[in-house]
Amino acid sequence: MTPLQERFLQLKRKRGAVVLAHNYQRREIQEVADYVGDSLGLSYAAQKAEGEVILFCGVHFMAETAKIVNPEKKVLMPDLKAGCSLADSCPADKLAAYLKGNPGLYVVSYVNCTAAVKALSDVICTSGNAEKIVQQVPMEREILFLPDRNLGDWVMQKTGRKMRLWDGDCYVHMEFTAASIDRIRKEHPEAPVVAHPECTRAVRALADEVCSTEKMVGYCRNSPAHSFIVVTEEGMLHRLRREMPEKVFIAGPTDHCACGECRYMKMNTLEKAVVALENMNPEVLLEAKIIDRAKAPILKMLEWSRN
Ligand code: 13P
């Protein structure tokens, strides 16, 4: 434990804060969080969080989701500018105009979108439950899936259900290519490849398992293999190495480097997290009407996901 981590834990106790961190956060943040998980696990954890304050270490849409499911809490973030290329690809006004021109669509929104987009959606999903959610949409309805066309394509492959796809992507997962993954597979032929569904179809086709970050933990734990090639944001390696120190986790390389880092996730630092608890700021604030409208599709997801 570093002195800064000790300072952080002192402040966390003083403020009665619950610290929620995504699997992509820096190692020093994951080590002091109350809960580390994927977007779905974090939504449930936010819903049942007790105390006055949630310090959310992830990106902005995730902290917004925490606020929507538990609006009485003060939700802090280390850095409010930690955004998401997927959320940016689908502005609410553009979606509203599209829906006006294409009435009757059933909108399934990946959680990686703004609260204003969630407010226009019928149901939300995460990478951990997308297949299950889409299977529960009434068959007679045409689905618009947004904003990630790769996740949408994967869900179509899994369910056989045709959907309209929004043209968004995650810039980090787009950096992995079939050539870069093929190369690393040849270097480590014994290691299964585990990839996130935000990767392109060509990359997914080279994977032994495609799943959410939380399911990656279970897959690697239950597999008899000793080493794994992990094709997602590099923060995931910290989580896997902490949980399974006896196994070897190899970062899936991109064409240019072996980094796979999300610049937004990495905006959160432990220093900024300490300052946030000291100042009780910056806070995630949302208009009451957005909270009201965005809550229904999120709660629908949480309910459908338990089925
Ligand atoms: P999950 O949290 O569902 O694994 O998704 C990871 C991700 O890419 C978030 O942007």
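Below, each value reflects all heavy atoms present in this structure, side chains not excepted, and no hydrogens, waters or symmetry copies. Numbering of ligands and ligand atoms starts at 1, following listing order. Count residues from 1 along the sequence. None of these values were measured; they are calculated from a predicted model.
Looking at Tyr24 and Thr232, their side chains do bring a donor and an acceptor atom within 3.5 Å of each other. Side-chain N/O atoms of Glu31 and Gln5 include a donor and acceptor closer than 3.5 Å. Between the side chains of Arg164 and Tyr106, no donor N or O sits under 3.5 Å from an acceptor N or O. Looking only at atom types and distance, the side chain of Ser109 has a donor-acceptor partner in the side chain of Ser121 under 3.5 Å away.
Evaluated for a side-chain contact (heavy atoms from CB on, under 4.5 Å) with Gln25, the options Arg239, Met265, Glu233, His238 yield exactly one hit, Met265.
With values rounded to the nearest 0.5 angstrom, Arg306 atom CZ is found 11.5 Å from Asn129 atom CG.
A heavy-atom cutoff of 4.0 Å around ligand 1 is satisfied by the protein residues His22, Tyr24, Asp38, Ser39, Met62, Tyr110, Asn112, Ser127, His173, His196, Glu198, Ser212, Thr213.
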